[in-house]
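Because the structure is a prediction, the values reported are computed rather than measured.
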Amino acid sequence: MRDFLSVLNSEQYDAVTHEGSPLLILAGAGSGKTRVITTKIAYLIKEKNVDPYSILAVTFTKKAANEMYERAIQIEEKAKYSQIKTFHSFGAWFLRMYGDVIDIPSNFTVYDDDDMVTLITKSTVGLTRQQASHYAHKISLAKDYCYGPDDLMLDEIDSDQNFRLVYRAYEKRLRSTGNVDFGDLIMLPVKILTENNLIRQRLLQRFRVIMVDEYQDSNVAQFKLLESLSGYGSNLSENPAYVCVVGDDDQSIYKFRGAEVKNILNFKSIFPNTKIIRLEKNYRSKSEILAVADDIVKNNNDRLGKKLSAERGNGKLPVLAFLPNQDEEAKFCADLIEQTHEMGIPYNEWAILYRTNAQSLSFESEFLKRRIPYTVVGSLKFYEREEIKDLLAFLALIVNSKDEIAFRRIINKPTRGIGATTQEKIINSARNEGIYDFVKYAKEHCESFSKKTSESIKSFVLMMENFYKTITEELKPLETPKKLSVLIDEICENSGLKEYHAADDEISGTQRVLNMQELSNSASLYDCTTEGLLAFLDHIELDRTLEKPEEENIDKVTLITLHNTKGLEFKRVVITGMELGIFPRQDKTGEDLEEERRLCYVGVTRAQNELYMTSCASRRMYGRTEFVLPSTFLKEINKDNLRILGHIPSSFKSNTEFHGGDYGKNGLSHPTFDDPIKEKYKVGTNVFHDEYGSGVVVNSVYSEENEVVITIQFENNSRKKFLPKYQENSLLVIKE
DNA sequence: CCCGTCGTTATTTTT
DNA sequence: TAACGACGGG
């Protein structure tokens, strides 16, 4: 057996060496699926003489794609000739090559959600930004299902006929810009492949092996892309490509974005003779952590079902801590991190997980106070910052002068005396004449405006022309090629953007100029040519995470949303905010609740050595302090699989036997015995209130001041909260 | 055109 | 609570 194959277990080996029929690998969390894919790529090249050029492997994130690429070429260098990309960058690559058959120019850029909303407000007049944003979401979803504005099935997304009209107007306007949105990157290649036999045949000849990672999160459009690329489905080829997908139905967490678990459940029916291989050996987590994960996920009905075995053996019992409020929760986490740090555990072994980005705040302020270094993953959204979007709009307009959104964004920013009225005039009359090159139109028609306006337009056009010159200039002999950062610096200086944002830095203490510099730095890897610029924009649009290389090696705690942890692992994990209404969110039932449960499963299975979960009795939300109950997921965990700290809410205890709190340090010595008031008004107790009448106690928690707070549901359907301490005279307990 | 104030509104979101 | 958009006055 070859070296690189000898490290595999028998199922992994089977998956790597399987051939002859479609392959579905059901890979549990931490079961080494990336190793399987990368080894399979190497194996095909090394042992099976497959041309690396004919292998296509797609994933969802740039990060995962990069990792796959790096690990594959480590085993087999020739893998660098394979296409290892994200779904969307594959779509962009495809469209730049074949888009012309449906009139998509090869110099398109990709509009993000924000640009979509702006374009919708311009293509359908009278919509508020909020309405437009609602439609934008629906249009994205429709594209995830491959439904165009005239598709009969569109009603399944939203049967409101206005939606159809808005979608149609948006499409028309979008096409006139020559740009595409994210949905188009998948939907349009599908359209081309299904309508154009020649191109489909060419691609089928090119890609003989197609692999998909994180398959559980693929949407219908991506499924269709896989189908048509590989020669399956309605255009079944006599010689289809070899298809291998890897996924875990238990980790599907993007249904709200059009991901269809059905793609995994129905794989067999579209790809005949599918071989299914399960990878159930977990090499990541200690057995106690997997026990908790299994307790939770087994409550889902909609799953193929599997049981992970812990190859790393036993470790510590996961900890569940009940805490009074989110400030205590932050302190609890900070205590854990500080105490272990004193014992030599680095910060970067810790990850704090939460459901919503807003929850990071209390951890950030506590960590800041205690000087615990941390990094917030995902919420930064570097490319959504105003100053960055401004710069990118200049770049986008330089490659594509039909880009209406970019034109609107920068024509008068910073203010150069081309106001809203002038802008609308230029855009509308240009559009009426069927001209979409707004810069050119403005240049040719500026005389129709007042002298002052006309001068402003002229100087704007001149500036744009100079930028254009910078990237198209022929290289003089012996001159070193310029880098793209030259163009960005030029834009910063000459457009006035730098001054404009510098002023903001002074006032609000932001770092906008620095951010602009950062963008310029990252552009220094690209040539100062149209091709270089397009590649740079592709890179940005298809990978919204800016990596700051110099910060990579600093020892920091990771603060991250549960969604963002997909594919990651940490030595020690704290899942915070395990409360009903927060996680799972209040409105989740049925299938949606199952998705929340999978999200919880994903969170738990990120932990390698230690897992902590925290649940607060009260939480500040929207400026209000609400009393909250423990998450339903906590009750699903077998009590023997947890060590419980803090005082246990009675609503939890009713499902679990008392375990005893033993957490005396860190100022967390809350009473772990029942106090008489709490016992007297425990959940389920029938009461009579002088003012409100008969009712029943539905909730009982401790306040921040450690006082018992009960919620009573009265017969007239009202709910009220009381401090029983002060209700001795008006609140009567009714004995059965 | 800039700035302040008031009122509204809060998921998750690989690309 | 906080953050952001809408609107009106200077």
Side-chain angles (χ1 to χ4, degrees), chain A residues 58-67 85-92 110-114 116-117 121 128-130 132-133 136-137 140-141 143-144 180-187 213-219 221-222 225 251-259 326 353-362 365 377-379 381 383-384 386 412-421 500 503-504 507-508 538-545 560-568 577 581-588 592 595-596 598-600 602-603 619-626:
Chain A
V58 287
T59 63
F60 284 80
T61 65
K62 195 89 174 182
K63 198 172 177 181
N66 287 342
E67 193 189 333
K85 291 179 129 80
T86 65
F87 256 117
H88 291 264
S89 62
F90 173 78
V110 185
Y111 279 146
D112 67 13
D113 294 353
D114 206 55
M116 253 181 111
V117 174
T121 58
T128 64
R129 221 182 146 75
Q130 199 179 37
S133 157
H137 177 242
S140 296
L141 201 61
K143 290 192 174 187
D144 285 344
V180 299
D181 58 26
F182 276 113
D184 286 339
L185 289 177
I186 310 298
M187 185 175 163
D213 193 11
E214 304 285 8
Y215 183 70
Q216 76 282 351
D217 284 321
S218 62
N219 58 39
Q222 287 159 338
L225 184 61
Q251 293 188 68
S252 165
I253 54 174
Y254 283 101
K255 186 165 166 266
F256 69 97
R257 280 199 62 130
Q326 70 217 54
L353 277 47
Y354 37 79
R355 179 65 233 269
T356 64
N357 277 314
Q359 285 166 253
S360 74
L361 216 79
S362 53
S365 47
V377 175
S379 76
K381 297 191 179 152
Y383 295 107
E384 279 165 37
E386 187 187 337
N412 198 34
K413 191 172 190 179
T415 328
R416 47 175 73 88
I418 309 172
T421 331
Y500 176 85
D504 197 84
I507 303 162
S508 331
D538 254 13
H539 165 81
I540 286 169
E541 280 147 3
L542 303 177
D543 180 13
R544 314 302 297 263
T545 56
I560 190 168
T561 61
L562 284 149
H563 278 91
N564 267 321
T565 62
K566 191 165 100 168
L568 304 179
I582 309 289
F583 186 38
R585 290 191 62 79
Q586 202 90 74
D587 49 351
K588 303 283 177 173
D592 290 342
E595 175 143 318
E596 293 274 304
R598 290 192 293 269
L599 188 57
C600 187
V602 167
R619 185 168 287 274
R620 273 194 314 278
M621 282 185 84
Y622 312 142
R624 217 173 252 277
T625 300
E626 298 274 358

Enquirer: By nearest nucleotide on DNA chain B, pick out whichever of A:Arg416 and A:Leu599 is the more 5' one.
Expert: A:Arg416
Enquirer: Establish, with yes or no, whether the OP1 or OP2 oxygen of B:dT13 is under 4.0 angstrom from a side-chain nitrogen or oxygen of A:Asn564.
Expert: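 Yes, such a contact exists.
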Enquirer: A:Tyr254 ring centre to A:Lys566 NZ or CZ under 6.0 Å, with the angle to the axis within 45°?
Expert: no
Enquirer: Ignoring hydrogens and angles, are the base of B:dT12 and the side chain of A:Arg257 linked by a donor-acceptor pair under 3.5 Å?
Expert: no
Enquirer: Report which part of the nucleic acid A:Asp184 touches: base, sugar-phosphate, or nothing (heavy-atom distance under 4.0 Å, all strands).
Expert: nothing
Enquirer: Rounded off to whole Å, could you give me the CG-to-P distance for the A:Asp113 and B:dT11 pair?
Expert: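 The distance from CG of A:Asp113 to P of B:dT11 comes to 15 Å, rounded to the nearest Å.
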Enquirer: Is A:Thr561 close enough to B:dT13 that one of its side-chain N or O atoms is under 4.0 Å from OP1 or OP2 there?
Expert: yes
Enquirer: Heavy-atom distance under 4.5 Å between the side chains of A:Leu599 and A:Arg355, does that happen here?
Expert: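 Side-chain contact under 4.5 Å: yes.
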Enquirer: So which nucleotide from B:dT14, B:dT11, B:dT15 ends up closest to the side chain of A:Arg355?
Expert: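 Closest nucleotide among those given: B:dT11.
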Enquirer: Mark this stacking check for A:Phe256 against B:dT13 as yes or no, applying ring centres under 5.5 Å and ring planes under 30°.
Expert: no
Enquirer: Any idea which of B:dT13, B:dT11, B:dT15 is nearest the A:Thr356 side chain?
Expert: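 So the nucleotide nearest the side chain must be B:dT11.
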Enquirer: Within the stacking criterion (centroid distance below 5.5 Å, interplanar angle below 30°), does A:Phe60 stack on B:dT15?
Expert: no
Enquirer: Side chain of A:Arg585 only, heavy atoms from C-beta on: which candidate in B:dC2, B:dT15, B:dT11 is closest?
Expert: B:dT11
Enquirer: Tell me whether the OP1 or OP2 atom of B:dT15 has a side-chain N or O from A:Asn219 closer than 4.0 Å.
Expert: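 A:Asn219 to B:dT15 OP1/OP2: no side-chain N or O under 4.0 Å.
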